[in-house]
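All remarks here apply to the structure that follows.
Source: prediction; values computed, not measured. By convention in this document, chain letters (A, B, ...) are assigned in the order of the sequence lines, proteins followed by strands, and residues within each chain are numbered from 1.
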Amino acid sequence: MRSCLPDYELVAPANLREALALMAGEPGAWKPFAGGTDLMVLLEAGKLPHKRFLSLWHLRELKGIEVSPTAVTLGALTTYTEVLRHPVLQQEFPCLCQGARETGGVATQNRGTLGGNIANASPAADSPPALLVYDAELELVSATGSRWVPYRGFHSSYKQMDLRPNELIARIRLPRVGRPRRHYYRKVGTRKAQAISKVVFAGVAEVEGGVVRDVRIALGSVAPTVLRCAKTEAVLRGHPTVESTVAAAQAALAGEIAPIDDFRSTAKYRRRVSLNLLAVFLQSCLGTVEQGPGPEPWYGA
Amino acid sequence: MADNQKAVGVSVPRIEAREKVLGRSVYVDDLRREGMIWGKVVRSPHPRARIVHVDVTEARGLPGVVAVLTAADVPGDRYVGPLVKDQPILCSSSVRFEGDAVALVAATAEEVAETARDAVRVEYEILEPVLDPIAAMSPEAPQVQAGGNVASYSKLRRGDVEVGFRAADVIVEDSFSTQMIDHAYLEPEGAVAEVDAEGKVTIWVCSQYPHYDRQEVARVLGVSLARVRVIQTTTGGGFGGKFGSPLVSCYAALLAARTGRPAKVLYTREESLRTTVKRHPYRIHYKVGATRSGKLTAVEARFVGDTGAYLVVGRAVVGKSTSHGAGPYEVPHVKMDGYAVYTNKAPAGAMRGYGVPQVAVAYESLLDELARKLNLDPIEFRLKNVLREGSQTATGQTLLHSVGVAETLERAADARREMTPHLKTGKPYLKRGIGVGVSWHGIGAARSPSQATAYVNLCGDGSATVLCGSVDIGQGSNTLFSQIAAEELGVPLDQISVVTGDTLTTPDCEATTATRVTYLSGNAVRLAAEKAKGTALELAAKHFGCLPEHLILARGKVQVPDAALEISLTDLFKKHAVQQISALGVFSPDCTPLDPETGQGSPHATYGFGTHVALVEVDQETGAVRLVDYAAFNDVGKAINPQAVEGQIEGAVAMGTGYALSEGMIFDRGKILNPSFATYLLLTAADLPPVRVGLVEAPEPTGPYGAKGVGEPSMNPVAAAVINAIYDAVGVRIRELPAVPETVFAALKTRQPLPADR
Ligand SMILES: Cc1cc2nc3c(=O)[nH]c(=O)nc-3n(C[C@H](O)[C@H](O)[C@H](O)COP(=O)(O)OP(=O)(O)OC[C@H]3O[C@@H](n4cnc5c(N)ncnc54)[C@H](O)[C@@H]3O)c2cc1C
């Protein structure tokens, strides 16, 4: 059954301090509402348990992308549109831009935020694998202070995360590496836009003379949470990207992921495709930088 | 027309385009009436169950609730349906699909109605549902309907297929299955009903056939047709789904009649996806034979259309598959057996293509297989067999005119040549291929008599009103009617007003379905306009003392071109004491119904044809298929509004590619798992390349200005072209639609090595 709007309450505090004070007063009572692109879907489906909402949309403290010599720091309210248009992100964090470009459609990209994507904690979300391979850190704030945590490990199990009821995600920090890396991002869905991923794969590697110096791999839709694949990375690190390494890495990856059957896909498909994408990623490490098949210009009649 | 300005054959904007773009068009959802109540339908959560008890006490007691109705409250007939009356308005003893209607509630606010709906307690005895249509055909299967699960059987017998297969050098045979899809129009179903002081009922509804809605509402209320008026509101798409399912009108009417208050019933998207008519899923088996030189000798096919819980138009849909199952080809020996079978699923009904897209996937796949076996180019092979002027179809109909299919194939060959340089991808796992699909579609319903009627009222200033029963559901027929009338009467488009979709004022022209409006109703409008003009010219001929043939009518004046004389219609009318000239145009196509035993006859006066070419890319690592380029060639007889024809074709390609690659209702034990556009996957603009449209105009002498129609012929070959392109790319034959990544990926695993790798 759909929901009746007058039953809901939404407040819009003037600044972050007021917002955090409200949350501190009644921990868990106020549900943060950023772009609303996840929450409104629940509302329409009549599956929104919360009745009181705290709009974050106007909080300037949670906006903006800051670039320093060592890191790029994004406010939690950064939208996909802002991500994919940012020149430094395009240059150094292309997986995040590609993920943003393939998230929803234009309307969702204008309204949906990175903070919301993280806090919604869907294992099929498209930005988290990119954030994981870029070693993102999160700033979590409450009325009593702020703490920085690595994003890796933030999601403990399905829809569970290291976020207290009085806390908000304030910022996301991506360390800049300064060395050339190869980036690969691939979202697999039934259609090109407005698709929920069957598998989403992100990888970055530093390859020198055919040998993998460093590598990071993360996947979505193949486990109860988005997954950074440490064992697979360990198999690859320090090895040349030859066939036997690829096979060993695939075997490690098969052991790390735990996909399921649902009406969007099958466990078998997700498993096979994850392994295939790993191989494509490793092949691309030998060649030029690859970011998945992009849109193609039409060559009309 | 004056100043050499033509109205026919010119791309003109839709007459309602501005209204729509400005958001001023009034859809059902925009309607509000004083004192209006909201109706909601209580629906079965089970695909098959016996209703043990319905308890409405709690719902009735809720504040704001004004009515809770069950089957016993229906004053007239309780069953509806365009061919057989098998669908209950409200079920009383059993439910036959998940979503079957059990009760109807109404309240002063929509939210209250929803609460009341959920407060109706229905006790069910759950029964094992009948889900597999093949298993359903067995006499031991539980019966969905009292008359048995085989709802219809249609046959076609031409020549002797045994002889045909003996004459063949190569025979191919295969099975295919196609899925249930939804029309997915932007506007879900809805209606508002109101009873006036005399007790007459008016219904506003988005509909493809208001006159049919009127028939059913009158039956259900137990009143005469004249006491019911149905007005079509601006309709946000139909594609067959807003015909033959009059339930929403009946619900609004029942509530209004019962309470005396205006009532609105508007389906949610979920309700629309779960409960309204769908495209028939098919199980298909085909066998096709050809000689070494590439002539088809025989086609034998058997197919079962899953019509769900109610027949709607299932018999006619499967009948269309039977008459069209040999494709637009000359085949001496044909045997077709088609069945419509009841199961415990949402009823399947009419949907753009009407049984042809399903069989086109099968026969076009097998023609490609034959071409490969014969070492013939797929287009050359088809050209050896396609219908031409003078050919006989599988139903034994000789086509004398307007058979443009060969030309569509020749143009397709050019398009394929242009695409060929783009087969390379530069990545080993990305493979591209080109496929063609050819199809045809008989214009109008396959029965007689089928007729269209229009009135034209010519006013003294030369302007005119057109009244016709065929409704515009977004495809542009009102614009087309105004073009035709303007052309005949020699006035600019804005001098024509078109009235359609009101049963009080417009004649019953049957439904806007079956690609029939341009041909049938276009003809009726043309005939009426021609007659009105004829009458005016006769008056003028008397006035000038000449023959009417020597006169022309343009911009409200009758002119004698040779003598440079003219008289305005105003003066002419005054002189003869005429206020306006009203004329009636009636058109009935020339066809003979199919013989039920042999399927032989001339079911359609004319046919639309098309060849489509798809270039796809298959990612072998994921099974994902991407449409890279597409060219569509359709023989439309004459494009009265080329821009509108292109729009139809582009839409058909989007719809057909979705059918091929992504769409489908997903079931778990008879329950639909994906009743939303987040999970029922229509393709998006990002998935579709621009479509190159090529219009072929093989004029139909009995059509208005040579026109035939394009709605369905443009849909039919799309999935076939895409599936054949997948084979060309990666050498796997997809036999089960849709070709989602999982299906293609699984097929790739079982593939034989490609003859020659690209
Ligand atoms: C049509 C459509 C298509 C979509 N497609 C995709 C897709 O392709 N890929 C994808 O990954 N997602 C997709 N989504 C989901 C959604 O858009 C994203 O998850 C988006 O990033 C959510 O951001 P938001 O700001 O709208 O979140 P909201 O809906 O406002 O919030 C989501 C959750 O996060 C919490 N939250 C929000 N901000 C904070 C914060 N700063 N601190 C703490 N908690 C917070 C909220 O309380 C809520 O629980 C789609 C959604 C729609 C409607």
A:Arg264 versus chain B, the contacting section by heavy-atom distance below 4.5 Å: both
Heavy-atom side-chain proximity of B:Arg626 to A:Lys192 below 4.5 angstrom: yes
Minimum side-chain heavy-atom gap B:Leu682-A:Gln194 below 4.5 Å: no
Residues, nucleotides or ligands: over 12 heavy atoms within 6.0 Å of A:Lys51 NZ: yes
When A:Val188, A:Val41, A:Leu275, A:Thr190 are compared by non-hydrogen pairs under 4.5 Å with chain B, the top option: A:Thr190
Point-to-point distance, once rounded to the nearest 0.5 Å, from CG of B:Leu681 to CZ of A:Arg191: 4.5 Å
Within 6.0 angstrom of A:Lys231 NZ, more than 12 heavy atoms from elsewhere: no
Atom of A:Ala193, atom of B:Asp687 and distance for their closest heavy-atom approach: N-OD2, 4.3 Å
Atom pair CD (B:Glu621) and OG (A:Ser274), whose distance is rounded to the nearest 0.5 Å: 12.0 Å
Test side-chain contact (heavy atoms from CB on, under 4.5 Å) applied to B:Thr622 and A:Leu277, A:Asn276, A:Val199, the passing residue: A:Leu277
Heavy atoms from other residues, nucleotides or ligands near CZ of B:Arg121 exceed 12 (cutoff 6.0 Å): yes
Under 4.5 Å from any heavy atom of chain A - which part of B:Ala685: neither
Gap separating the CG atom of B:Asn674 from the CZ atom of A:Phe263, nearest 0.5 angstrom: 6.0 Å
B:Glu742/A:Lys198 ion pair, N-O < 4.0 Å: yes
Engaged part of B:Leu673 at the chain A interface, taking heavy atoms whose separation is under 4.5 Å: both
Enclosure of B:Lys424 NZ (heavy-atom neighbours >12, cutoff 6.0 Å): no
A:Arg85, CZ: over 12 other non-hydrogen atoms inside 6.0 angstrom: no
Interface residue of largest heavy-atom contact number with chain B, from A:Ser265, A:Gly189, A:Gly105, under 4.5 Å: A:Ser265
